[in-house]
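Working notes, structure below.
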Amino acid sequence: MVLGRLLAKTSTRRELRSPAWFADYTLAAAAVTVACLGIAMNYSATWRSLSFEGADPLTVARRQAIFVLIGIVVMVVAAAVDYRVLRHYATPAYLLVLVALAALLRWGPEIRNARSWFELPFVGFQVQPSEFAKLVVIVSLAAFVASHEGYLRFDTLFNAGLLLAVPMFLIYRQPDLGTMLVFVAIAMGMLLVAGAQLRHIVVVTLAGILALVLVFSIDALQGPRLLTETQRGRLTAFLDQDFEPQKASYNLRQSQIAIGAGGVWGQGWKQGTQTNLDLVPEQHNDFIFTALGEEFGLVGASLLLALYAYIVVRIWLIARSASDPFGRLLGVGILSMLLFQVFQNIGMTIGIMPITGIPLPLMSHGGSGTLTTFAAIGIVISIGSRRYAL
């Protein structure tokens with residue numbers, strides 16, 4: 001009896017405290033630490049080439065620093081807002097993202113054979129709607145599935161698939177196959193946690209594999225071109241690294257050389273040979289991990305992986321202890337997104353995954369990806385901080 005009163009009193013005290021009392025500040029600190037390391041590696045990967053061109057060597061690093069500062073503000077705001085209000089804005093946000101993706105195909109500039117970015121006038125920045133679409137789809141899918149959690153019938157899975165199919169098709173038309181893979185990882189993680197039956201997951205997985213085989217088969221038989229030559233080469237280069245249509249495996253070879261040259265301790269910041277000679281294309285973007293591996297070696301790479309592991313574990317613990325199904329699904333969706341992006345990006349740099357345009361979270365240069373990741377971390381913190389505070 002006395003114990004019950006003490007527990008009730010403790011629970012009441014918890015509920016009366018501000019959500020800031022329960023916020024996971026270590027998760028935020030880990031994310032900011034990775035982002036600061038990303039700024040340093042952005043500078044290291046670009047300063048020499050920019051200096052050679054007569055430009056300010058701080059250009060790329062300064063831009064990334066601005067993105068990180070804005071991202072921190074976004075994270076704080078997202079953490080302060082009750083995540084449950086997102087459920088009410090899921091549908092408008094989803095429709096807005098579809099409009100943005102469709103408009104991109106019509107009016108977006110073609111950059112590197114893709115229509116993936118809007119140019120912002122006057123400020124010189126680009127916006128990539130597909131990055132924001134990841135988080136919007138997580139919120140929308142969580143809102144839809146939360147009401148069916150526990151037992152998902154096949155028709156519910158089908159409707160969830162339609163929810164994913166529309167933005168995925170628009171992103172395919174850009175084309176951006178890497179982001180499509182992220183959407184698949186998000187859906188699989190969320191549906192498994194929501195209670196999808198294993199046989200349904202197996203059927204969906206087999207259908208996806210069959211569709212992938214069909215795409216490659218049609219291209220091989222000179223049918224309708226579902227993949228560009230560059231996309232086909234990038235996706236298959238890691239399987240046969242001696243075969244390089246349009247030099248598709250060049251990036252992979254240079255990436256492996258750079259990481260291998262780092263050894264255990266690395267060559268030192270700004271001292272990487274491959275990095276300074278600008279031999280790894282898009283190093284400050286998709287291949288930023290190669291700069292870290294070359295200049296800080298196995299020790300630096302292990303430190304980064306440890307930070308990512310801490311972020312993943314904290315997100316999982318917060319998602320598991322969420323006070324409602326919507327919060328739990330939100331956390332798992334964000335976890336699936338970040339975990340897959342880290343595995344895919346690092347995997348492609350060492351040759352165990354196909355080469356795609358998936359950025360390394362908080363490390364790769366880019367405002368849209370950085371803001372999306374910080375917003376996602378803020379939402380997770382909001383979920384954890386409202387476990388007791390009502």
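Both backbone and side-chain heavy atoms feed into the values below; hydrogens, waters and symmetry mates do not.
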Side chain to side chain contact (heavy atoms under 4.5 Å, CB included) between I381 and Y83: does it pass, once the steps are laid out? CA-CA 9 Å; I381 294 174; Y83 70 93; over 6 Å; no
Nearest 0.5 Å please: distance from the [atom1] atom of [X] over to the [atom2] atom of [Y].
X: R320; Y: I315; atom1: CZ; atom2: CD1; result: 14.0 Å
X: S302; Y: F296; atom1: OG; atom2: CZ; result: 13.5 Å
X: R48; Y: N276; atom1: CZ; atom2: CG; result: 4.5 Å
X: L335; Y: I138; atom1: CG; atom2: CD1; result: 9.5 Å
X: D176; Y: F183; atom1: CG; atom2: CZ; result: 9.0 Å
X: I377; Y: I318; atom1: CD1; atom2: CD1; result: 8.5 Å

Mind checking side chain to side chain contact (heavy atoms under 4.5 Å, CB included) for [X] and listing every partner two or more places apart, or none if nothing turns up?
X: A93; result: V136
X: A301; result: F289
X: S51; result: W47, P57
X: D278; result: S49

Where [X] and [Y] come nearest, the two heavy atoms and their spacing:
X: L50; Y: T59; value: CD1-CB, 4.0 Å
X: A133; Y: L101; value: CB-CD1, 4.4 Å
X: G333; Y: I186; value: O-CG1, 4.0 Å
X: A160; Y: F144; value: N-CE2, 3.8 Å
X: L98; Y: L170; value: O-CD1, 3.7 Å
X: I355; Y: F287; value: CG2-CZ, 4.2 Å

Under 4.5 Å between side-chain heavy atoms, hopping through other hydrophobics if needed: is there a path connecting [X] to [Y]?
X: M363; Y: V312; result: yes
X: I288; Y: L303; result: no
X: Y308; Y: L317; result: yes
X: L96; Y: L163; result: no
X: V77; Y: L69; result: no

For side chain to side chain donor-acceptor pair (under 3.5 Å), just list the numbers for Q274 and T290, CA-CA rounded to whole Å, side-chain angles, deciding distance to a tenth of an Å, and then say yes or no. CA-CA 9 Å; Q274 297 290 110; T290 64; over 6 Å; no
Under 3.5 Å, side-chain donor or acceptor atoms of residues 27-41 against the rest of the protein: list the pairs with distances, not counting sequence neighbours.
residue : atom : partner : partner atom : Å
T33     : OG1  : A29     : O            : 2.7

Can you tell if the side chain of [X] reaches within under 4.5 Å of the side chain of [Y], non-hydrogen atoms only?
X: L177; Y: Y172; result: yes
X: E131; Y: L371; result: no
X: V184; Y: M180; result: no
X: R84; Y: D324; result: yes

Do any pairs count as a ring pair (Phe, Tyr, Trp, His ring centres under 6.0 Å) and have a residue in residues 355-380, sequence neighbours left out, and if so which ones?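 Output for this query lists F67-H365, H284-H365.
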Table please: side-chain donor-acceptor pairs of residues 336-352 below 3.5 Å, with sequence neighbours left out.
residue : atom : partner : partner atom : Å
S336    : OG   : V332    : O            : 2.8
Q341    : OE1  : K134    : NZ           : 2.5
Q344    : NE2  : P354    : O            : 2.6
Q344    : NE2  : T356    : OG1          : 3.0
N345    : ND2  : D286    : O            : 2.9
N345    : ND2  : I358    : O            : 2.8
T349    : OG1  : I346    : O            : 2.6

Is a side-chain N or O of [X] found less than 3.5 angstrom from the main chain of [Y], in a donor-acceptor match?
X: Q64; Y: G366; value: yes
X: S382; Y: G378; value: no
X: E295; Y: K270; value: yes
X: S364; Y: P361; value: no

Residues which pass side-chain hydrogen bond (donor to acceptor under 3.5 Å, both in side chains) with E294, listed by chain and number, not counting sequence neighbours: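 Partners of E294 by the side-chain hydrogen bond (donor to acceptor under 3.5 Å, both in side chains) criterion, ordered by chain and then number, come out as T275.
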Enumerate the residue pairs fulfilling side-chain hydrogen bond (donor to acceptor under 3.5 Å, both in side chains) with a member in residues 86-104, sequence neighbours excluded, ordered by first and then second residue.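 Counting only pairs at least two positions apart or across chains, no side-chain hydrogen bond (donor to acceptor under 3.5 Å, both in side chains) contact touches residues 86-104.
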Report the hydrophobic cluster partners of V264, with the cluster defined as I, L, V, M, F, W, Y residues connected by side-chain heavy atoms closer than 4.5 angstrom, directly or transitively.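 Direct or chained contacts put V264 with W265, V299.
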Salt bridge (Lys or Arg N to Asp or Glu O under 4.0 Å) contacts in which one or both residues fall within residues 309-319, not counting sequence neighbours: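 Qualifying pairs: D24-R314.
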Inter- and intrachain pairs under salt bridge (Lys or Arg N to Asp or Glu O under 4.0 Å), touching residues 357-381, at least two apart: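 Every candidate salt bridge (Lys or Arg N to Asp or Glu O under 4.0 Å) pair involving residues 357-381 fails, so no pair, neighbours aside, qualifies.
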Would the number of heavy atoms belonging to other residues, nucleotides or ligands and lying under 6.0 Å from CZ of R62 be above 12?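 For R62, atom CZ is crowded (more than 12 foreign heavy atoms under 6.0 Å).
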